[in-house]
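Below is one structure, written out as structure tokens; comments come after it.
Hydrogens, waters and symmetry mates play no part in the numbers below; they use all other heavy atoms, side chains included.
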Amino acid sequence: PMKYRFSLLAMLFLLLPALAFSQVVLEDFEGGAKLTWNAVEGSFAVVDNPAGGDTLGINTGGKVGAYTKQADRAYSLFLTELATPLDLSVNNRFRIMVKAPRACNFILKLEGGGKFIEETRRIAVPNQWIEYNFNFAGAKSLTTLNKLILFFDAGTDGTTGTFLFD
């Protein structure tokens, strides 16, 4: 009996850190889009991950999302609405890989229930897969956020282009 208790405690001790750092994948486009994406001012498709532009080996997936920005909209947006609000007290770090046609800014915005939080990142290297990380741990009190919104080349009017993301 004592031997079994020790084994069970040892397993729990080893398993708990893995559970604490588990990762939730909201979208990876393998097998098609898992979320319903709405290209409000532009177009969206799931496409094959193109060859080239991954010298760092960041995105080895076979499929990616492709959003083409509408040229006459400075804040052309692209969004998905989740069935339940995000739990930022637990899952508050987001990671997205982007391959952009030019250097520009993009915004990841979470919103819902009249509340929102957003962060901007600078895409400095065009035509290259780059991974961007967002930490929304400071927003754990926002419990109604159920929309993910992406703005590519935010604030720039008169530009178009296809932005790949995964």
Side-chain angles (χ1 to χ4, degrees), residues 21-88 90-113 115-137 139 142 144-166:
F21 295 105
S22 65
Q23 172 177 303
V24 175
V25 176
L26 293 175
E27 183 69 85
D28 66 5
F29 300 109
E30 300 305 322
K34 291 165 187 54
L35 301 172
T36 302
W37 291 97
N38 182 8
V40 176
E41 297 166 331
S43 62
F44 165 74
V46 175
V47 300
D48 290 335
N49 190 356
D54 196 12
T55 56
L56 302 175
I58 290 172
N59 191 351
T60 58
K63 299 287 185 183
V64 298
Y67 174 67
T68 302
K69 180 185 177 198
Q70 188 170 317
D72 62 343
R73 301 285 192 258
Y75 286 91
S76 177
L77 65 104
F78 180 64
L79 66 95
T80 187
E81 191 166 342
L82 305 171
T84 59
L86 295 161
D87 183 356
L88 297 180
V90 178
N91 299 308
N92 50 40
R93 295 174 192 257
F94 293 77
R95 183 176 66 192
I96 183 171
M97 295 175 284
V98 176
K99 184 177 180 181
R102 66 185 157 278
C104 61
N105 290 329
F106 83 97
I107 298 169
L108 172 61
K109 181 178 185 177
L110 309 177
E111 80 174 25
K115 308 276 186 198
F116 74 91
I117 185 167
E118 66 183 34
E119 287 189 12
T120 302
R121 295 292 182 272
R122 178 76 182 155
I123 298 170
V125 181
N127 301 310
Q128 177 68 45
W129 281 108
I130 305 290
E131 183 177 282
Y132 299 91
N133 294 286
F134 298 85
N135 183 346
F136 293 117
L142 301 178
T144 60
L145 306 178
N146 66 331
K147 293 180 188 171
L148 280 79
I149 305 170
L150 297 172
F151 298 90
F152 291 105
D153 204 7
T156 306
D157 209 357
T159 63
T160 187
T162 299
F163 296 82
L164 303 178
F165 65 100
D166 207 359

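Between Glu131 and Ile96 there is no side-chain heavy-atom pair separated by less than 4.5 Å. The shortest side-chain heavy-atom distance between Phe94 and Leu86 falls under the 4.5 Å cut-off. Tyr132 is not listed as a side-chain neighbour of Leu108, based on a closest heavy-atom distance of 4.5 Å or more. Inter-residue side-chain proximity for Ile149 and Glu111 is flagged as met; some heavy-atom pair is nearer than 4.5 Å. Looking only at side-chain heavy atoms (C-beta outward), Thr84 and Asn146 stay at 4.5 Å or farther from each other. By the 4.5 Å heavy-atom criterion applied to side chains, Lys115 and Leu145 are counted as neighbours.
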**Request:** Start with the C-alpha gap between Phe106 and Tyr67, add the side-chain angles, then the distance that decides, and say whether ring pair (Phe, Tyr, Trp, His ring centres under 6.0 Å) holds.
**Result:** CA-CA 12 Å; Phe106 83 97; Tyr67 174 67; over 10 Å; no

**Message:** Let's go through Leu110 and Lys147 carefully: what are the C-alpha distance in whole Å and the side-chain angles of both, what is the deciding distance for side-chain contact (heavy atoms from CB on, under 4.5 Å) to 0.1 Å, and is it a yes or a no?
**Reply:** CA-CA 6 Å; Leu110 309 177; Lys147 293 180 188 171; over 6 Å; no

Please list every donor-acceptor pair under 3.5 Å in which a side-chain atom of residues 150-158 meets a protein atom from a residue at least two apart or in another chain.
residue: Asp153; atom: OD1; partner: Thr156; partner atom: OG1; Å: 3.2
residue: Asp153; atom: OD2; partner: Arg102; partner atom: NE; Å: 3.0
residue: Asp153; atom: OD2; partner: Arg102; partner atom: NH2; Å: 2.9
residue: Asp153; atom: OD2; partner: Thr159; partner atom: OG1; Å: 2.7

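Residue Ser76 comes nearest to Lys69 through the heavy atom pair CB-CG, 3.4 Å, listed as atom of the first residue, atom of the second, then distance. Annotation for Pro101 and Gly161: closest pair CG-CA, 4.2 Å, computed over non-hydrogen atoms. Of all non-hydrogen atoms in Pro126 and Ala124, the two that sit nearest each other are CD-O, 3.6 Å. The heavy-atom pair separating Ala100 from Phe163 by the smallest distance is CB-CD2, 3.6 Å. Closest heavy-atom contact between Thr160 and Ala71: CB-CB, 3.9 Å. What you find for Glu119 and Asn135 is that their closest heavy atoms are OE2-O, 3.2 Å.
The line from CZ of Phe165 to CG of Asn59 is 11.5 Å long, rounded to the nearest 0.5 Å. Interatomic distance, CG of Asn38 versus CD of Glu81, reported as 9.5 Å (0.5 Å rounding).
The only option from Val64, Ile130, Leu164, Ile123 that meets the side-chain contact (heavy atoms from CB on, under 4.5 Å) definition with Val98 turns out to be Ile123. Tested against Leu79 for a side-chain contact (heavy atoms from CB on, under 4.5 Å), the candidates Val40, Thr36, Leu148 yield a single pass: Val40.
In summary, the side chains of Asn49 and Trp129 do present a donor paired with an acceptor at a separation below 3.5 Å, with no hydrogens or angles considered. At a cut-off of 3.5 Å, with distance as the only test, a side-chain donor of Thr162 or Thr68 sits close to an acceptor on the other residue.
Between Phe44 and Trp37, the ring planes are tilted. Angles from 30° to 60° get that label.
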